[in-house]
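Keep in mind that the numbers below use all heavy atoms, side chains included, and drop hydrogens, waters and symmetry copies. Note that the coordinates shown come from a computational prediction; the quantities given were computed from them, not determined experimentally.
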Amino acid sequence: MTETVRENQVAEPGKILIVDDNEELLGAISRLLEMQGYSTLTAMSGEEALEIARLEKPDLILLDWILPGVDGIEVCRELKSDEATRGMMILLVTGQGSVDNRIEGLDAGADDFIPKPFKHPELLARIRSSLRLKSATDELTERNRQLVESQYELVRTEKIATIGLLASGIAHEFNNIMAGISGYAQLAKKNPKYMPQLVEVALTQAQRAQELTGSLSSYNRRGEENSACDVQDVIHGALCLVKKEAESNGIEISLDIQEVPTAAISAGQLQEVILNLLINGIHAIEARGGITLSVKRSGPEKMIEITVGDTGSGIPKENLNRIFDPFFTTKGALGGGRQEGTGLGLSVCYNIIQSRGGRITVESAPGMGTTFSIALPVFEQAAGGAVPAASGDPAALENREGNHRILVIDDEEQIRQMLSDFLGTDNVVCRSTGEEAIDVCRTRDFDFIILDVCMKNSSDGIDTFRRLKQADPQARIILCTGNLAESMPEEILESCHAHLLKPFKLDDLSTILNMAVEA
Ligand SMILES: Nc1ncnc2c1ncn2[C@@H]1O[C@H](COP(=O)(O)OP(=O)(O)O)[C@@H](O)[C@H]1O
Ligand SMILES: [Mg+2]
């Protein structure tokens with residue numbers, strides 16, 4: 001270590017900016033420092049010093065307190081308040097060296113002082129010590145940055161690992177959904193009497209698919225301040241994802257869910273916590289066993305209590321206060337177990353719950369099982385901001401739809417066909433690309449444009465939106481997206497007429513069109 005430092009000093013002793021209005025002194029110090037191997041820059045005023053510091057980024061500034069115009073203290077304050085120049089060491093040269101002076105200097109951010117007149121050996125010693133401090137600070141900053149980065153990376157890895165664990169369950173769920181629809185479609189093709197069943201199955205399975213994709217995409221969403229969620233929905237979504245994994249391990253999941261108010265946490269965050277606890281429970285149950293999930297209101301406090309209990313191996317006493325530590329695991333390469341694990345699941349859960357003003361605790365008995373309890377605050381609705389419910393009266397649309405001219409832009413043929421059947425073929429013009437849509441808008445006017453923003457050519461949707469708005473800022477564009485979690489520029493969400501999430505309810509579309517007519 002000492003070796004490297006010494007070597008570094010020889011290789012690159014540092015760049016020093018000397019600031020003094022006395023030209024003679026400036027020259028003398030500059031020569032002295034260059035003889036020691038430093039490279040030097042000079043400035044004779046505060047303004048000049050600021051300019052050179054910003055441009056040349058010296059490692060250290062030897063700064064005279066008293067300067068014409070902007071003085072040393074001011075230079076110090078400016079450099080230390082700017083992210084780009086904060087790291088430079090400032091050695092303030094004080095005239096009198098009084099205590100008051102030093103306090104003012106320290107407050108302005110100076111790193112060290114040297115009183116005038118000074119002896120050369122003292123000046124050189126102070127410069128060396130400041131530069132040592134700087135290189136240690138730089139190294140620490142860099143290490144810290146790497147640490148934060150690897151933490152993000154790990155949390156991402158943990159999420160990917162969880163999704164990986166669940167992938168077969170998700171595929172299974174999708175296949176079941178498709179099996180029902182495809183089976184009845186084949187039957188109905190052979191014999192139209194199965195048509196009503198096909199319709200029923202398609203509707204229920206589409207709903208199921210929507211719940212599944214909804215639970216997957218909320219997993220990826222970051223929790224925002226002030227977010228809230230329906231605990232029951234989230235639990236339902238999490239169960240959708242782990243059901244297969246539990247079943248194939250002979251684990252029964254039982255529920256005891258009571259009606260509770262909205263919880264003050266985002267759906268994505270709560271789902272992440274519940275998923276982690278469920279997967280841990282599944283891992284802990286070696287052969288057969290059960291997991292119980294309960295939700296209730298807790299006591300007089302405005303809290304919601306969620307518990308996840310299992311009849312698994314339990315946690316040895318000596319591990320109980322380590323399980324929430326990052327990387328503590330008895331699984332995978334780190335923990336020597338056969339299951340996969342990163343040791344991050346519970347620490348992520350802990351941080352999420354803590355950040356929402358909640359608590360997470362554990363009770364466990366080896367050989368008997370483990371129960372995690374979460375207490376979460378009830379969401380307190382801010383005043384105002386209630387969204388009016390959609391009235392969804394299809395009859396209302398039928399009376400007026402003759403008046404609307406609607407352009408549908410979607411790359412899915414089936415969706416174009418369905419929308420034009422629903423809205424009336426006479427009123428609807430369909431186009432499958434943004435380019436064609438923009439073309440048709442040149443010659444015809446539309447009351448509404450229904451635009452799929454997530455077309456195969458991914459930039460097409462957003463780009464088309466912008467171009468349509470540019471051509472006609474009043475255009476009423478209803479956006480359809482497959483996934484709300486995908487990043488949608490703020491400006492687009494704000495300037496669209498309405499926003500529908502696929503698969504959407506036709507009644508909702510009617511409501512949007514009717515409301516515009518009434519307005
Ligand atoms: N329900 C549980 N039953 C028994 N042990 C558990 C349970 N949940 C967590 N643990 C223990 O806590 C450790 C840390 O859990 P976690 O942070 O989720 O990381 P991982 O599951 O990746 O090991 C696990 O390795 C396991 O030893
Ligand atoms: Mg885990």
Side-chain angles (χ1 to χ4, degrees), residues 162-221 229-248 251-255 257 267-268 271 274-275 278 293 390 392 394 408 410-423 450 452-456 478-486 499-512:
T162 311
I163 292 282
L165 283 172
L166 300 172
S168 73
I170 295 163
H172 172 89
E173 193 66 10
F174 260 110
N175 287 338
N176 278 341
I177 290 168
M178 297 321 295
I181 300 175
S182 154
Y184 270 105
Q186 293 170 58
L187 280 175
K189 200 171 179 185
K190 285 198 172 95
N191 186 342
K193 82 171 187 197
Y194 290 106
M195 220 38 136
Q197 281 100 321
L198 170 61
V199 171
E200 270 318 303
V201 170
L203 283 176
T204 46
Q205 301 298 9
Q207 172 72 23
R208 205 171 137 198
Q210 190 175 14
E211 280 166 17
L212 185 64
T213 49
S215 34
L216 274 175
S217 56
S218 64
Y219 191 67
N220 232 353
R221 233 170 284 169
C229 73
D230 182 313
V231 176
Q232 216 162 324
D233 284 355
V234 172
I235 289 185
H236 186 72
L239 287 174
C240 242
L241 298 176
V242 297
K243 211 165 62 190
K244 168 79 187 326
E245 184 75 17
E247 271 167 17
S248 61
I251 295 167
E252 202 176 308
I253 301 184
S254 41
L255 303 177
I257 296 180
Q271 197 194 39
I274 304 277
L275 273 179
L278 287 172
L293 221 156
V408 172
D410 201 305
D411 57 351
E412 287 277 337
E413 152 105 55
Q414 278 186 14
I415 292 178
R416 291 197 302 272
Q417 187 58 51
M418 182 273 292
L419 283 174
S420 89
D421 286 342
F422 175 63
L423 299 165
I450 301 176
D452 175 21
V453 259
C454 302
M455 292 191 275
K456 280 176 205 101
I478 300 168
L479 293 182
C480 293
T481 46
N483 183 357
L484 246 188
E486 270 159 32
H499 189 188
L500 287 170
L501 190 62
K502 278 183 182 175
F504 51 85
K505 292 206 177 76
L506 293 176
D507 285 353
D508 289 348
L509 178 57
S510 300
T511 308
I512 291 168

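Scored by the salt bridge (Lys or Arg N to Asp or Glu O under 4.0 Å) test, Lys505 finds no partners at all (sequence neighbours excluded). Scanning for side-chain hydrogen bond (donor to acceptor under 3.5 Å, both in side chains) contacts around Asp421 gives Gln417, with sequence neighbours left out. For Ser248, the side-chain hydrogen bond (donor to acceptor under 3.5 Å, both in side chains) test picks out no residue, with sequence neighbours left out. Residues that satisfy the side-chain contact (heavy atoms from CB on, under 4.5 Å) test with Leu255, not counting sequence neighbours, are Leu239, Ile253, Ile257, Leu293. Glu247 is linked by a side-chain hydrogen bond (donor to acceptor under 3.5 Å, both in side chains) to nothing, counting only residues two or more places apart in sequence or in another chain. With sequence neighbours left out, Gln197 forms a side-chain contact (heavy atoms from CB on, under 4.5 Å) with Tyr184, Tyr194.
Within the model, atoms NE2 of His499 and CD1 of Ile512 stand 10.0 Å from one another, a figure rounded to the nearest 0.5 Å. Asn175 CG to Met178 CE: the interatomic distance, rounded to the nearest 0.5 Å, is 9.0 Å. For the atom pair Leu278 CG and Gln271 CD, the distance stands at 10.0 Å (nearest 0.5 Å). Distance CG/Leu509 to CD1/Ile450: 4.5 Å, rounded to 0.5 Å. To the nearest 0.5 Å, atoms NZ (Lys189) and CE (Met195) are separated by 11.0 Å.
The two residues Val201 and Thr204 make their nearest non-hydrogen contact at O-OG1, 3.1 Å. Closest heavy-atom contact between Leu275 and Ala238: CD2-O, 3.8 Å. Pairing each heavy atom of Ile181 with each of Ala202, the nearest pair is CG1-CA, 4.1 Å. Across Phe504 and Leu419, no two heavy atoms sit closer than the pair CZ-CD2, 4.0 Å.
Taking 4.5 Å as the limit, every side-chain heavy atom of Leu198 sits out of range of all side-chain heavy atoms of Leu187. With a 4.5 Å cut-off on side-chain heavy atoms, Ser420 and Val408 do not count as touching. Contact check for Ile415 versus Asp452: no side-chain heavy atoms found under the 4.5 Å cut-off.
Within a 6.0 Å radius of CE in Met418, more than 12 heavy atoms belonging to other residues, nucleotides or ligands are found.
A side-chain contact (heavy atoms from CB on, under 4.5 Å) with Leu479 is found for one member of Leu500, Val453, Leu501 and no other, namely Val453.
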